[in-house]
Number of protein chains: 2
Amino acid sequence: MTENWIDRFPGLAALSPDVRETLVRDSAVVEVPKGTRIFGPGQSPENLLLLLDGAVRVHQTSEQGREIVLYRVAAGESCVLTTACMLAHEDYSAEGLADTDVRAVAIPRKVFDDLVTRSIPFRNFVFAAYSQRITDLFHVIEEIAFQRLDIRLAQRLRTLAGDADEVRTTHQELAVELGTAREVISRQLQEFQRRGWIAQSRGRVSLLDRGAIAHLAEAA
Amino acid sequence: MTENWIDRFPGLAALSPDVRETLVRDSAVVEVPKGTRIFGPGQSPENLLLLLDGAVRVHQTSEQGREIVLYRVAAGESCVLTTACMLAHEDYSAEGLADTDVRAVAIPRKVFDDLVTRSIPFRNFVFAAYSQRITDLFHVIEEIAFQRLDIRLAQRLRTLAGDADEVRTTHQELAVELGTAREVISRQLQEFQRRGWIAQSRGRVSLLDRGAIAHLAEAA
DNA sequence: TCTGCAGGGTGACAACGTCACTGAACCGCA
DNA sequence: TGCGGTTCAGTGACGTTGTCACCCTGCAGA
């Protein structure tokens, strides 16, 4: 448990030795399995999470039951908005789910407060993390307001696939990614398939022509 | 200039006397006329602004030139995201415009850093302000993704009108408010007019039946 | 009075969302 | 191996929103 995880966070490189010591001593490394609900309405976390491995997906659900993925927290990043949106008076319908198995450092609120007071680099880290998330949200707004769906879908398929050449997901899940309806995804994927860019089977999309997909995705 | 503006900010009520003194001594009250661009791409503010009077409107503009209003900062609130989104590495296309004549307190970055270190209540104020803005952004996302335009337009007409019974604005400006196109606003307003809810003339919308408008707005 | 221009109206069409329903693939189990 | 339930995907019809091209109108300044 004396693992030196701090070096995994570039933003924390400037921490002084005593701050590092506090952080390592008073935080716990936790593991949560894929699918766990990390926070959500009626579930306010008393920790700031720094992700070591895995990813956390943050959703919003509308009253009518439609959903959209707001952003993901990747390894090496922190889950600041998590704490922030819980801090707000309004209870909000955003929730965080473990997208994969997750290993994270949990910094208790008191330790967090202490560090923010004591350490300028730590504070900068926190504010930088906020800024990053906020620009993520700006991105989301720009895309849902102004970007065509075929382009957004192509982009999302690329990022979900990563290095692999297939994505294991349902049309419904893709619809939630983009905040649209399943039927719309089905039709778009059919069009992609018709053009020979992808192949589909139940629960799986294979990318056949990454070049064409990339070309569309970059037609931003 | 020794005006005690601190009491206008409920979140700052808990500040200790010495912090209050620093804040009042080292901050300046500034006035900017309506229409001034307060921040934007290539214009990063070195101050945190606390609004005393007036309102600031924060926009985002897409590459294709379409715009959307993200939120407004009202008197008694602070412009935290302003500083935050400038802090992010990416240069972002959000910009802040004085929606009316504005009077505000400008807290220089150094003073801000000092206060965040010294004062727990000040820090809470800052974090609470962040949370508020972030939930505002969540609201925006929920609305543009899932809410019908007629409902959003009715809501916006109500808030823009305030106590008055008319709104002095063009269709184009309303389109920017909601991130849509002018033609769409024109058609919706015509429908409202046909139902006898509003009357229109060049650059002006009069609310004739606030009850009906409110009813639609609350059909969220 | 003329003229330029911002504001607003309109029709056609494309893109996206919704609804109702159908069929296909998969799973557990007899 | 076949059965039945469930999840996933396909489809047509239709309503809403976005885009494009173009027009008309009211207003201000020359």
Touch class at under 4.0 angstrom, heavy-atom based, for B:Gln190 against every strand present: sugar-phosphate

Length of the line joining B:Leu149:CG and C:dA15:C1', which is rounded to integer Å: 15 Å

Separation between OG of A:Ser131 and CZ of A:Phe138, rounded to the nearest 0.5 Å: 10.0 Å

Spacing of A:Arg182 atom CZ relative to C:dA20 atom P, expressed in whole Å: 14 Å

Nearest-Å distance for atom pair CD1/P, residues B:Ile151 and D:dT17: 9 Å

Test: B:Asp136 and B:Arg133 ion pair at under 4.0 Å: yes

A:Phe146 CZ to C:dA15 P, straight-line distance once rounded to whole Å: 19 Å

Side-chain N,O (A:His171) to OP1/OP2 (D:dG10) below 4.0 Å: yes

Polar contact flag, side-chain donor to acceptor under 3.5 angstrom, A:Thr170-A:Gln172: no

Lys/Arg N to Asp/Glu carboxylate O, A:Arg72 vs A:Glu177, below 4.0 Å: yes

Touch class at under 4.0 angstrom, heavy-atom based, for A:Gln188 against every strand present: sugar-phosphate

Between D:dT19 (P) and B:Ile185 (CD1): distance, integer Å: 13 Å

Closest listed nucleotide, where the reference is the side chain of B:Thr180 and the choices are D:dG10, D:dT11, D:dG18: D:dG18

DNA chain C: 5'-proximal contact among A:Arg202 and B:Gln172 (nearest heavy atom): B:Gln172

Among D:dT17, D:dA9, D:dT19, the one nearest B:Arg148 by side-chain distance: D:dT17

Test: B:Glu191 and B:Arg195 ion pair at under 4.0 Å: yes

Value in whole Å for how far the P atom of C:dA15 lies from CD of B:Gln64: 15 Å

Distance below 4.0 Å between A:Arg187 side-chain N/O and C:dA15 OP1 or OP2: no

B:Asp150 CG to D:dG15 P, straight-line distance once rounded to whole Å: 15 Å

d(CG, B:Leu189; P, C:dT10) in whole Å: 13 Å

Proximity to the side chain of A:Arg66 - top-ranked nucleotide from C:dG8, C:dT18, D:dG10: C:dT18

Proximal nucleotide (of C:dT18, D:dA9, D:dA21) relative to the A:Glu183 side chain: C:dT18

Phosphate OP1/OP2 of D:dC8: any A:Thr170 side-chain N/O under 4.0 Å: no

